[in-house]
Amino acid sequence: MSVVAANVESVAEGARILQNGGLVAFPTETVYGLGGDATDGKAVARIFAAKGRPSFNPLIVHVAERGWVAKLADTDARFEKLSAAFWPGPLTLVLRRSKNCPASELVSAGLDTIALRMPDHKVAQDLLRAVGRPLAAPSANASGTVSPTLAKHVDSSLGAKVDLVIDGGACRVGLESTVLDLSEEVATILRPGAITAEQIAAVIGPVKISHEDPAAPKSPGQLASHYAPALPLRLNTTQATVGEALLGFGPGAATLNLSQTGDLVEAAANLFAMLRTLDDASKFKAIAVAPIPSTGIGIAINDRLARAAAPRG
Ligand code: TXA
Ligand code: MG
């Protein structure tokens, strides 16, 4: 990986890498983000692989232009007021995904919602405009380590897992954005940040504050753990029984195959969309799933499959 100073050339280079499915770390006003094309499932899967997270949590999708918001999500009056007041800036708004949302399902970790943010940083905005697509970007650090506010932090945490790091100096805010859920009737702060509950309440009225960490939900059914197919799942099998769909991995016959070539990044990119397709009670009575190796991003795939297969309450 190389660390390059932010300028017209490095932003153009970063945009080319992103358009080809690569990963580029870039500065925002909060922390450095590890960016990938949000519409490219494999690029999003590479983000999870690079961070080394043992599970999938939904990622924030960054936009520089409002035109993208309507393509990605359903908005309401609260969104209009809050985005007018705080965008660009450190406020992430969780909305329902639009009907034909072009963002990969992995970015939402299979949920029906999508988190959007317009960063207030010239380099981030220039990069987004040059790419011409929304960028998924979690903080650019390995899982379990602190968020990077300098380019050298990204370098020491992720090293060769990033194709390019654009150095824009120190991040002004130094703390991740506030995450506000607008997908339900009651607006709820899922993660506190630079924009406070008081500031938000001044624009849309009182908000609820969740004490659940959205990245590590304690109660099943919360956020990231919410999506599970309605059909029962049977794991670690290469043989479907009568009435079962087979979700394959690697060479061999299957109803759908996560990756014919046994590529875990490709499998992660396909996981949620394929589970949804097979979750059809008019065609199948259960979903059998082939064994997935528990290495790299395979750990997160198996985590999600185990949750989906667990008995429901
Ligand atoms: O300041 C920031 O927000 C930085 C910079 C790079 O923009 N990004 C960042 O992204 O912190 P990330 O992916 O590390 O944090 C995403 C947070 C997590 O707490 C996640 O659970 C929540 O946002 N989130 C994302 N999508 C969500 C969704 N659809 N529903 C609920 N929570 C969501
Ligand atoms: Mg983070």
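Computed over heavy atoms, backbone and side chain alike; hydrogens, waters and symmetry mates excluded. Keep in mind that what you see is a predicted model, and the values were worked out from it rather than measured. In listed order, ligands and their atoms are each counted from 1.
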Item to check | ligand 1 contacted by P119 (non-hydrogen, < 4.0 Å) | outcome: no
Item to check | Between CG on residue N57 and OG on residue S143, distance to nearest 0.5 Å | outcome: 8.5 Å
Next on the checklist: I need the atoms of ligand 1 closer than 4.0 Å to a non-hydrogen atom of L190, numbered in the order shown.
Outcome noted: 31 (C), 32 (N)
Checklist entry - Which atoms from ligand 1 have a heavy atom of A115 less than 4.0 Å away? => result 25 (C), 26 (N), 27 (C)
Item to check | 4.5 Å side-chain heavy-atom contact, V289 and F249 | outcome: no
Checklist outcome for this item: The reported gap from CZ in R53 to CG in D303 (rounded to nearest 0.5 angstrom) is 9.0 Å
Checklist outcome for this item: Numbered in order shown, the ligand 1 atoms found under 4.0 Å of a heavy atom of I60 are 3 (O), 8 (N), 9 (C), 10 (O), 13 (O), 15 (O), 16 (C), 23 (O)
Checklist entry - Would you say S108 contacts ligand 1, with heavy atoms under 4.0 Å as the rule? => result no
Checklist entry - Heavy-atom contacts under 4.0 Å between E176 and ligand 1: side chain, backbone, both, or neither? => result both
Item to check | Short N or O distance, Y32 and ligand 1, threshold 3.5 Å exclusive | outcome: no
Checklist entry - When you look for heavy atoms under 4.0 Å from ligand 1, do you find them on the side chain of D181, its backbone, both, or neither? => result neither
Checklist entry - What's the spacing between D155 CG and L150 CG if we round to 0.5 Å? => result 11.5 Å
Checklist entry - Less than 3.5 Å between some nitrogen or oxygen of S177 and one of ligand 1, yes or no? => result yes
Checklist outcome for this item: Under 4.0 Å from one or more heavy atoms of V179, ligand 1 contributes atoms 23 (O)
Checklist entry - Do you know which two heavy atoms are closest between P148 and N141, and how far apart they sit? => result CD-OD1, 3.5 Å
Item to check | Atom indices of ligand 1, in the order listed, that fall short of 4.0 Å to a heavy atom of S139 | outcome: 9 (C), 10 (O), 14 (O)
Checklist entry - What do you reckon, does V94 put a non-hydrogen atom under 4.0 Å from ligand 1? => result yes
Item to check | Within-cut-off N or O pair, H62 and ligand 1, under 3.5 Å | outcome: yes
Item to check | Proximal ligand 1 atoms for G33, defined as those under 4.0 Å from one of its heavy atoms | outcome: 6 (C)
Checklist entry - In terms of side-chain geometry, is the basic nitrogen of D74 or K99 positioned less than 4.0 Å from the acidic oxygen of its partner? => result no
Checklist entry - Can you tell me how far the OG atom of S2 sits from the CG atom of D167, to the nearest 0.5 Å? => result 11.5 Å
Item to check | Contact atoms of ligand 1, heavy-atom distance to T113 under 4.0 Å | outcome: 28 (C), 29 (N), 30 (N)
Next on the checklist: I need the L271 CG to L275 CG distance, nearest 0.5 Å.
Outcome noted: 5.0 Å
Next on the checklist: For the NZ atom on K283, are there more than 12 heavy atoms of other groups (residues, nucleotides or ligands in this structure) within a distance under 6.0 Å?
Outcome noted: no
Next on the checklist: Side chain, backbone, both or neither: which applies to P58 and ligand 1 if a contact is any heavy-atom pair less than 4.0 Å apart?
Outcome noted: both
Checklist outcome for this item: Atoms of ligand 1 under 4.0 Å from any heavy atom of T30, numbered from 1 in the order shown, are 1 (O), 2 (C), 4 (C), 5 (C), 7 (O)
Checklist outcome for this item: side chain to side chain donor-acceptor pair (under 3.5 Å) test vs T28 passes for just one of H62, R117, Q125, namely R117
Item to check | F56/F48 aromatic ring centres below 6.0 Å | outcome: yes
